[in-house]
Structure formats: structure tokens, C-alpha cells
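Only one structure is covered here, and it is reproduced in the block below.
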Amino acid sequence: MKWSTTKIKAFRKNLLAWYDQDKRELPWRQDHDPYNVLVSEIMLQQTQVQTVIPYYQRFIDQFPNVQALAKAPEAKVLKAWEGLGYYSRARHLQQAAQQLVRDYHGQWPTTATGLAALSGIGPYTAGAIASIAFNQPEPAIDGNAFRVFARLFCLTDDITQPKTRLVFDKLIRKLIDPDRPGDFNQAIMDLGSSYMRAKEADPAHSPVAAFDGSYQTGRVYDFPVKTKKKPPKPFAYYALAIHSPQGWLFEQRPSQGLLAKLWDFPLVNQAELKTLLVSDQIREVSHRFAAEADAPLTLTDPGLKPVKHTFTHQRWTMTILTAETAAFKLDYLPARWVSDFSTIEIPTVQKKLLRALNLLPS
DNA sequence: CATGCGTGGAA
DNA sequence: TTTCCAAGCAT
């Protein structure tokens, strides 16, 4: 880093003058309440602003402060998160609220290090809250910051490597405006989502075009350097849509792993399905929801097109099979008969199955 | 340190 | 259809 003190001050001035003029008006920018900042930052992890806005509004209405979130049933928190993805964020967020009430007596830690001790808060979120809510000169290095500074300084470090964060952290600490650290960080993010976005960038009109090494040398899209992710692994499942007079059979997924604690139709692979077809007994479907008493169960292929859904790391193709059966007791099982789908927490992949069966409006 | 963890939109 | 991207963190 070879910028002079004068150049650094000019950079801050250009950046913040632009921010003051053109910053996005967002629901979580109405104040600097640490709770509001926390909720927004957790929701914004790996998630676009446009997606977050309605969730943020509803969440703050339903859980207006740390105490309200801490004492809410976990299922209600997950329901508020339904469709947003990365559901462990919701559980960790509530755990952080409970930590604040129980261990901190509602007194927030104000340093990045202190904030990082809270559940679900990593280096980025700690820096964001520390700078925005508590005016601490801490970097908030998200994907935008990586891209913006990689371009400004033509940095070739691979940003997918954890150690690269240290390089950027050291650099940004020299640049961050000590008088307005929160605005500085948010201005970088606004820059990264506009003039310096990943695709269709407009570096020529950026308020810091004169400071942009990648633009000055005609190499904007050479930065940031990142290694590609592995493609998702394919999985083939049969989704068992089992109906009784009491509704549809839903199982609750395990408390850890993909879509933890959310509800879905039982999913079985081909080997499990074969066992089921031989036995014709519901308890053979899976250990997950062995029934107290066997109930006859005949699965039918309704001839629906397979439903596809892609996660970050898995690609599912689900063939829907249906069955009509007598209601059997599920009292002690992580399973329920459901007739009103608004009463359970359902991931988007499961909503696709419900829509294919015309049980939810398209 | 590498991997698992959602979803929706754009090209 | 496929690929990549979008305010990361826990383990």
C-alpha cells in the first residue's frame, strides 16, 4: 500500500461525499440501534438487499427488541425466517439475543472482539456492528469490500482463502475514516453494489475512479481473484405425499444439518422405496417415523413431473408418490398430520412439492 | 483449513 | 439449462 496521507484523506472525502449524496435509503438505516443493525446484518449474509427488505420489516415488527427475540419460541423465529435460507442464522441470532439477556444483562459489548463472542457473529458482522452502532474504527469485510479493495489496489490474493482476510484487514485499517467508520464501511458496500459491482460495473463514473487501479489499467474484471466452487452433487429422492383424514404426513428434519428442524414430506432414496413397496407397511418407510401400529399404505405414482431444487452444494430431483391411508398415531414422533401449512416451518424446496400437488397457490 | 449450509435473480 | 453471484459463519 503506497498511498500518501494526502491521498488517503482525499479518498475518504470523495467516498463519503458521494455516500452523503447518494446512499441507499434502507429500512435498517433509519437508526443505529445495535439490535436493528444485528438483525439486518445477519439477514444480509449471502443474501441480496431486495430479498431481505420484507423479511427485515416483518421480523422487527414481530420481535422488536432483544428481549422479545430472546423469549420467543424457536419455531416462531424459524417461521419468520421461512424462505430466507441458511436457517442456522435464525437459530444463532436468537441464541445471541439470549446471550445478551442472560450473560450481558442487556448491556451490549461495544468492541468487535466482544461482539464476535456472540452466537452467529463472525469477523464481518462484528466489524459491521462495531462500526455502525458503536462508532468503532473496525473494517467490515464482506464480498463487496473484498471486490472494491481488490480492484482499487489490484490485489491478486485469492479472496476465497481465509488467510486473505488478514491482508485486506490490514489495508482497510489504514484507510477507514476514524471519524465516520460506520459510514465508511457502508459506503464501500454501496460502491460494491453499484459502480463497482461484480458484473456490469461502471468504474468510469465511480466517485473514486481516480483511485481505482483496476480501472486505470483496464483490468476491472480481473479482480477480485477467486477460485471456483465445486458444482452441486446430484441426489434423486422420492417424496412421499401421504394423506389421511387428519391431513398430510410431515416429518421434522433433524436438528442439525440441511434445513434443520424444518418440516417436509418424507424423502426416501430408491433402496428405501423398494423396501417400502415390498412391505406395504408405513413403519417400513424409515426409522424416522416408525408408527406405533402398522397401517396399510399403497403408494401411487400420480405421474407428476419430477421437482428439481438446487442448493449451494446439492441438486435434488424429487419424484412425487402419493398415498391415501388411515390416520395413525404420531404422538411420540418427529412427525405430524398437517392440514394447514401455515402452522409449520417449511423450506422452499418443500413448497415446490406442495405447489406441484396444487396444495399451495403458484 | 475445507466443507456444509438456501434461495432468487441475472446473463 | 447452466453458471454465477449476493452485506458469511460454524465446525
Side-chain angles (χ1 to χ4, degrees), chain A residues 23-24 26-29 36-56 78 81-93 95-96 115-132 139-148 158-166 168 182 184-194 196-201 221 224 226-235 253-262 264 308-317 345-352:
Chain A
K23 69 179 174 187
R24 290 173 290 180
L26 299 168
W28 47 88
R29 285 183 175 173
N36 294 339
V37 176
L38 170 63
V39 171
S40 65
E41 292 299 341
I42 298 296
M43 286 188 170
L44 285 161
Q45 288 169 7
Q46 301 290 281
T47 309
Q48 297 186 352
V49 166
Q50 185 180 339
T51 303
V52 166
I53 288 174
Y55 281 91
Y56 175 81
L78 274 178
W81 212 268
E82 185 180 279
L84 196 53
Y86 286 142
Y87 297 94
S88 67
R89 291 183 296 175
R91 288 180 282 113
H92 286 303
L93 174 59
Q95 287 166 22
L115 289 160
L118 295 171
S119 183
I121 298 185
Y124 162 73
T125 307
I129 301 172
S131 62
I132 297 169
I141 313 174
D142 67 335
N144 286 308
F146 274 122
R147 182 172 56 259
V148 167
D158 182 347
I159 65 166
T160 66
Q161 301 259 319
K163 63 183 178 184
T164 300
R165 173 175 292 277
L166 301 176
F168 281 69
F184 180 94
N185 284 333
Q186 293 184 91
I188 293 297
M189 294 186 241
D190 277 16
L191 199 54
S193 65
S194 58
M196 298 183 72
R197 60 169 61 94
K199 303 172 182 176
E200 313 244 337
Y221 295 113
K226 59 201 298 189
T227 57
K228 290 178 181 173
K229 299 169 195 167
K230 288 191 304 186
K233 186 177 168 184
F235 288 87
R253 298 178 61 87
S255 57
Q256 297 205 332
L258 183 64
L259 307 173
K261 297 189 180 180
L262 300 184
D264 62 7
K308 297 171 187 289
H309 186 80
T310 304
F311 301 97
T312 308
H313 54 302
Q314 296 184 13
R315 189 179 77 250
W316 289 5
T317 303
E345 302 77 62
I346 309 175
T348 296
V349 57
Q350 172 63 27
K351 290 194 174 182
K352 286 187 183 178

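A, B, ... follow the sequence lines: proteins, then strands. Residue 1 opens every chain. For the numbers below, each heavy atom of this structure counts, side chains included, while hydrogens, waters and symmetry mates do not.
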[atom1] of [X] to [atom2] of [Y]: how many Å apart, nearest 0.5 Å?
| X | Y | atom1 | atom2 | result |
| --- | --- | --- | --- | --- |
| Phe311(A) | Trp316(A) | CZ | CH2 | 4.0 Å |
| Ile129(A) | Tyr124(A) | CD1 | OH | 9.0 Å |
| Gln256(A) | Lys261(A) | CD | NZ | 9.0 Å |
| Glu41(A) | Ile121(A) | CD | CD1 | 10.0 Å |
| Thr348(A) | His309(A) | OG1 | NE2 | 6.0 Å |

Of the candidate nucleotides [options], which contains the atom at the shortest distance from the side chain of [X]?
| X | options | result |
| --- | --- | --- |
| Glu200(A) | dA2(B), dA11(B), dG8(C) | dA11(B) |
| Tyr86(A) | dC9(C), dG6(B), dG8(B) | dG6(B) |
| Lys163(A) | dC5(C), dC1(B), dA11(B) | dC1(B) |
| Tyr124(A) | dT7(B), dC9(C), dA6(C) | dC9(C) |
| Lys226(A) | dC5(C), dT7(B), dA11(B) | dC5(C) |
| Gln45(A) | dC5(B), dG6(B), dG8(C) | dG8(C) |
| Lys230(A) | dG8(C), dT3(B), dC4(C) | dT3(B) |

side-chain contact (heavy atoms from CB on, under 4.5 Å) partner of Trp28(A), chosen from Ile132(A), Val39(A), Ile53(A): Ile53(A)
Check: dG6(B) base within 3.5 Å donor-acceptor of Thr312(A) side chain: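 Between dG6(B) and Thr312(A), which were checked side chain against base, a qualifying N/O pair under 3.5 Å is present.
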N/O donor-acceptor pair, side chain Thr47(A) with base dG6(B), under 3.5 angstrom: yes
What's [X] touching, base or sugar-phosphate or nothing? Going by heavy atoms closer than 4.0 Å.
| X | value |
| --- | --- |
| Arg253(A) | nothing |
| Lys229(A) | nothing |
| Ala198(A) | sugar-phosphate |
| Gln50(A) | nothing |
| Pro231(A) | nothing |
| Val49(A) | base |
| Leu84(A) | base |

Within this structure, what is the [atom1]-to-[atom2] distance between [X] and [N], rounded to whole angstrom?
| X | N | atom1 | atom2 | answer |
| --- | --- | --- | --- | --- |
| Gln48(A) | dG6(B) | CD | P | 18 Å |
| Leu26(A) | dA6(C) | CG | C1' | 14 Å |
| Leu44(A) | dT7(B) | CG | P | 17 Å |
| Leu78(A) | dC5(B) | CG | C1' | 14 Å |
| His92(A) | dC5(B) | NE2 | C1' | 10 Å |
| Trp316(A) | dG6(B) | CH2 | P | 9 Å |
| Leu258(A) | dT7(B) | CG | P | 8 Å |
| Gln95(A) | dC9(C) | CD | P | 15 Å |

Earlier contact from the 5' end, DNA chain B, for Pro162(A) and Thr51(A): Pro162(A)
First encountered from the 5' end of DNA chain B, between Gln161(A) and Leu262(A): Gln161(A)
N or O in side chain of [X] less than 4.0 angstrom from [N] OP1/OP2:
| X | N | value |
| --- | --- | --- |
| Thr125(A) | dG8(C) | no |
| Tyr87(A) | dT7(B) | yes |
| His313(A) | dG4(B) | no |
| Gln46(A) | dG8(C) | yes |
| Thr310(A) | dG6(B) | no |
| Arg147(A) | dA6(C) | yes |

Of Ser119(A) and Ser40(A), the one whose closest DNA chain C nucleotide lies more 5': Ser40(A)
Atom P, compared across dA6(C) and dG4(B): separation rounded to whole Å: 23 Å
Asp190(A)/Arg24(A) salt bridge by N-O under 4.0 Å criterion: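 Looking at Arg24(A) and Asp190(A), the cut-off is met.
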Smallest separation among heavy atoms of Arg253(A) and Leu258(A), with atom names: NE-O, 3.0 Å
